[in-house]
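Structure record follows, encoded as structure tokens.
Per chain, numbering begins at 1; letters A, B, ... match sequence-line order. Keep in mind it's a predicted model, so treat the numbers as computed, not measured.
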Amino acid sequence: MADTGNNDKVKQILQTVMAVPEGSVATYGQIADLAGLPGRARLAGRSLRADFNGEPVPWHRILRADGKIAFPPGSEKAKEQRELLMAEGIMVKDNRVKLRNCQWQPDMATILFTLKY
DNA sequence: GATGTGACTTTGT
DNA sequence: CACAAAGCCACAT
């Protein structure tokens with residue numbers, strides 16, 4: 001039962017997301033890049049939609065490139081994400097976060113850590 | 001297997 | 001700010 005080969009990439013994405021510290025956020029593209037999968041922002045989104053199997057994946061810290069929550073404003077998911085973000089002290093204005101202030105900037109050690117594997 | 005969709009991004013109108 | 005186009009690719013029809 002050889003795996004599809006894609007499963008590894010998904011795990012890679014999730015592992016990278018788990019490296020995002022509380023109080024910070026990242027974009028789908030940023031996660032994909034750090035995971036060694038440039039141009040795969042969509043895969044990042046799909047990976048987060050999947051089942052985490054109990055892993056503590058902070059999916060709520062992942063936003064679109066413009067800082068907006070990737071769910072329709074007013075939707076339950078959007079509300080949930082906003083609550084989780086605010087619970088970490090992140091300001092959310094109209095379904096949007098100020099990346100300039102909250103975007104995660106991984107240190108070299110973390111970059112090497114996530115990029116490897 | 002072609003087509004459409006989507007938790008995306010970037011560049012250009 | 002909104003929209004279009006192109007790039008990306010897994011998945012559903």
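The base-pairing partner of B:dT11, taking Watson-Crick or G-U wobble contacts with both distances under 3.5 Å, is C:dA4.
Per the geometry, CD1 belonging to A:Ile62 stands 11 Å off P belonging to B:dT9, to the nearest Å. We find that CG of A:Leu37 is positioned 14 Å from P of B:dT9, with the value rounded to whole Å. Between A:Leu48 atom CG and B:dA7 atom P there is a gap of 11 Å when expressed in whole angstrom units.
The separation of C:dG7 from B:dA7, taken at their P atoms, amounts to 22 Å, rounded to a whole angstrom. Between C:dC8 and B:dG6, the distance separating the two C1' atoms is 12 Å to the nearest Å.
Pairs of residues two or more places apart, or lying in two chains, that qualify as salt bridge (charged side-chain N to carboxylate O under 4.0 Å, His left out) and include a residue from residues 59-69 of chain A are A:Arg61-A:Glu88.
Every residue meeting the side chain to side chain contact (heavy atoms under 4.5 Å, CB included) condition with A:Thr16, not counting sequence neighbours, appears here in chain and number order: A:Ile31, A:Leu34, A:Ala35, A:Thr114.
Residues from residues 67-100 of chain A lying near DNA chain B, meaning a heavy-atom separation below 4.0 Å, are A:Ala70, A:Phe71 in numerical order.
A:Met91 and A:Leu63 fall into different hydrophobic clusters, where Ile, Leu, Val, Met, Phe, Trp and Tyr are joined by side-chain heavy atoms under 4.5 Å apart, directly or via other members.
Close to B:dC8, at under 4.0 Å from its OP1 or OP2, lies a side-chain N or O of A:Arg64.
Nucleotides of DNA chain C nearest to A:Arg49 and A:Arg42 differ in position, and the one nearer the 5' end is that of A:Arg42.
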